[in-house]
**Q** 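Structure incoming, see below.
Quick note on labels: first sequence line is chain A, next is B, and so on, each numbered from 1. These numbers come from a predicted model, not from an experiment.
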Protein chains: 2
Amino acid sequence: MSPSAPCPGGRSWAAHAGETLSRAGHRSGAARAVVVQMLDASACCLSAQEVVDRSRAAQHPIGVASAYRVLEQLHSLHLVRRIDLGDGLARYEALSPDGERHHHVVCVECGRVVPFEDHRLESALSAASAPPGFSLIEHDVVLRGRCAHCSRDLLLPPAQAVSPA
Amino acid sequence: MSPSAPCPGGRSWAAHAGETLSRAGHRSGAARAVVVQMLDASACCLSAQEVVDRSRAAQHPIGVASAYRVLEQLHSLHLVRRIDLGDGLARYEALSPDGERHHHVVCVECGRVVPFEDHRLESALSAASAPPGFSLIEHDVVLRGRCAHCSRDLLLPPAQAVSPA
DNA sequence: TTAGATGCAAAGATTTTGCAAGATC
DNA sequence: GATCTTGCAAAATCTTTGCATCTAA
């Protein structure tokens, strides 16, 4: 979790990403800087469109194509994780080099996304019995349920319930 | 797993689905019958396009829109599970009423999808500590790795390696 | 100066929707 | 016969690609 938390070496994820990118032979550019900064500052995963919208709001607008290209670049270098919450959007989140991961819970009513960690679940996933010969690399876990807010609304008369997003 | 395995009552999943659909007030139709039969006969999840392609191959072609509509209908009645393997396609698989579930492993090289079960993982998922107030409903788990075939290819000289799909 | 980065617009791919024709009950 | 289902085509989304321009090194 910890947005913009320093990486093991004391540097920010953004610094780590920049270094990895240049070592890979990529040049720096305005769009890339914006995307990296957005991801570094975000507490959770962002879609390409969200990155573009936030860049506009921050007075540093970038093109949609650039957002997708930078995100793909970061993904190919394992600097971000690609997350699919099942709504047809690809989301990305910064991946700290220490391998720390978290999972996501999505509210089936309002779509709210909440990150969470669970060490026991993590162990079970690492120890998961994959089919013979399969060597596991990573795992994606998405839980679905109702957030506190929407669970409460279910108990209220329909007229008072807040309409879901 | 077990494709076309009888449900607890001894009926096939297709029969169960048909009954549930009519109880919900839906009428039967050619397209729906084909989709239900495809899912019942499939060992694993199918995309809408796969259903359409197989329907054509089986000499009972259905329209793309119908496939999507029937799949959505089945999903809303919890007769199928919607699965997102991260490649931008929605897949669906029959959901037996006894609640038996399995997960999927995807080969990062060739895209092969293999179902698997793991009771310990299942327990960890059921016991997962969701954020406060969140009531969990279901979970999606996708593991990624290299299948036996592709792991072997990595050891061969590039010239002999089979090109990935 | 050279090769990569960027942005716009067009193209691709997947899924949804409008509407007329055909089936079911 | 009323209503739901189906299928074609158009629309809506999300993502990728082509190409000219700009820019980092």
**Q** Check the phosphate of D:dT5 against B:His26, side-chain N and O only, distance under 4.0 Å to OP1 or OP2. Yes or no?
**A**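 For B:His26, the contact criterion (side-chain N or O under 4.0 Å from OP1 or OP2 of D:dT5) is met.
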**Q** Using a 3.5 Å distance criterion without hydrogens, assess whether the side chain of B:Ser42 forms a donor-acceptor pair with backbone atoms of B:Leu39.
**A**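 Side chain of B:Ser42 to backbone of B:Leu39, a donor-acceptor pair under 3.5 Å: no, none is there.
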**Q** Distance check needed: C:dT15 P versus B:Leu71 CG, whole Å only.
**A**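 The distance from CG of B:Leu71 to P of C:dT15 comes to 10 Å, rounded to the nearest Å.
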**Q** Sub-3.5 Å donor-acceptor pair from the side chain of A:Ser47 to the main-chain atoms of A:Leu89, do we have one?
**A**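 Between the backbone of A:Leu89 and the side chain of A:Ser47 there is no qualifying donor-acceptor contact (under 3.5 Å).
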**Q** Please verify the inter-ring angle class for A:His139 with A:His103; under 30° counts as parallel, over 60° as perpendicular, anything in between as tilted.
**A**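 Ring orientation, 0 to 90° scale: tilted.
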**Q** Using the rule side chain to side chain contact (heavy atoms under 4.5 Å, CB included), only one of A:Val34, A:Val36, A:Asp40 pairs with A:Met38; which is it?
**A**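 The single option meeting the side chain to side chain contact (heavy atoms under 4.5 Å, CB included) with A:Met38 is A:Val34.
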**Q** Whole-Å distance between C:dT15 P and B:Gln73 CD?
**A**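 After rounding, the reported distance stands at 18 Å.
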**Q** Donor-acceptor pair, A:Arg32 side chain versus A:Arg27 backbone, under 3.5 Å?
**A**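 Yes: the side chain of A:Arg32 pairs with the backbone of A:Arg27.
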**Q** Looking at side-chain heavy atoms only, is the closest gap between A:Leu79 and A:His16 below 4.5 Å?
**A**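 Answer yes - side chains close enough.
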**Q** Where along residues 56-67 of chain A does a heavy atom fall under 4.0 Å from DNA chain C?
**A**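 The stretch gives A:Pro61, A:Ile62, A:Gly63, A:Ala65, A:Ser66 as the residues lying under 4.0 Å from the strand, ordered by number.
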**Q** Can you measure A:Leu46 atom CG to D:dC14 atom C1' for me and round it to whole angstrom units?
**A**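 Interatomic distance, CG of A:Leu46 to C1' of D:dC14: 16 Å.
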**Q** Atom CD of B:Gln49 and atom P of C:dT16: how far apart are they, to the nearest Å?
**A**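 The distance from CD of B:Gln49 to P of C:dT16 comes to 13 Å, rounded to the nearest Å.
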**Q** On DNA chain D, compare the nucleotides closest to B:Gly25 and A:Ala48; which residue's is nearer the 5' end?
**A**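 Comparing both residues, the 5'-ward one is B:Gly25.
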**Q** Taking the side chain of B:Arg27 as heavy atoms from C-beta outward, which of D:dT6, D:dA24, D:dT3 is closest to it?
**A**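 Closest nucleotide to the B:Arg27 side chain: D:dT3.
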**Q** Could you tell me whether a side-chain N or O of A:Ser55 sits under 3.5 Å from a main-chain N or O of A:Ile62, the two making a donor and an acceptor?
**A**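 Yes, the answer is positive, given that a donor and an acceptor are paired below the 3.5 Å cut-off.
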**Q** Considering the terminal five base pairs at each end of the helix from C:dT1-D:dA25 to C:dC25-D:dG1, what angle separates the two local helix axes, rounded to 10°?
**A**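 Nearest ten degrees gives 30° for this helix.
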**Q** Charged N to carboxylate O under 4.0 angstrom, B:Arg23 versus B:Glu19?
**A**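 Looking at B:Arg23 and B:Glu19, the cut-off is met.
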**Q** Atom CZ of B:Arg23 to atom P of C:dC25: distance rounded to whole Å?
**A**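 Checked: the CZ to P distance equals 16 Å.
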**Q** Any side-chain to backbone donor/acceptor pair from A:Arg82 onto A:Leu71? Under 3.5 Å, distance only.
**A**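 Answer holds: no.
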**Q** Within residues 76-92 of chain A, find the residues that approach DNA chain C with a heavy atom at under 4.0 Å, and present them sorted by residue number.
**A**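 Under 4.0 Å from DNA chain C: no residue of residues 76-92 of chain A.
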**Q** Could you tell me the separation between the NE2 atom of A:His75 and the C1' atom of D:dT15, rounded to a whole number of Å?
**A**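 Atom-to-atom, A:His75 to D:dT15, this comes out as 15 Å.
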**Q** What nucleotide among C:dA5, D:dT16, C:dG7 has an atom nearest to a side-chain atom of A:Tyr68?
**A**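 My answer, after comparing the listed nucleotides, is D:dT16.
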**Q** Are A:Tyr92 and B:Leu85 linked, directly or through intermediate hydrophobic residues, by side-chain heavy-atom contacts shorter than 4.5 Å (ILVMFWY only)?
**A**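 No, separate clusters.
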**Q** Between B:Glu93 and B:His102, do the side chains contain a donor N or O and an acceptor N or O under 3.5 Å apart?
**A**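 Checked: B:His102/B:Glu93 side chains pair up, N/O donor to acceptor below 3.5 Å.
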**Q** Any N or O donor-acceptor pair under 3.5 Å from the base of D:dT16 to the side chain of A:Arg69?
**A**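 No, the side chain and the base share no sub-3.5 Å donor-acceptor pair.
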**Q** Within less than 4.0 Å of OP1 or OP2 of C:dC25, is there a side-chain N or O belonging to B:Ser28?
**A**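 Looking at the OP1 and OP2 atoms of C:dC25, one of them is under 4.0 Å from a side-chain N or O of B:Ser28.
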**Q** Rounded to the nearest angstrom, tell me the gap between atom CZ in B:Arg32 and atom P in D:dG7.
**A**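 Rounding to the nearest Å, CZ of B:Arg32 and P of D:dG7 are 14 Å apart.
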**Q** Membership question, hydrophobic clusters at under 4.5 Å side-chain separation (ILVMFWY): are A:Leu136 and A:Val141 in the same one?
**A**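 Result: yes, single cluster for both.
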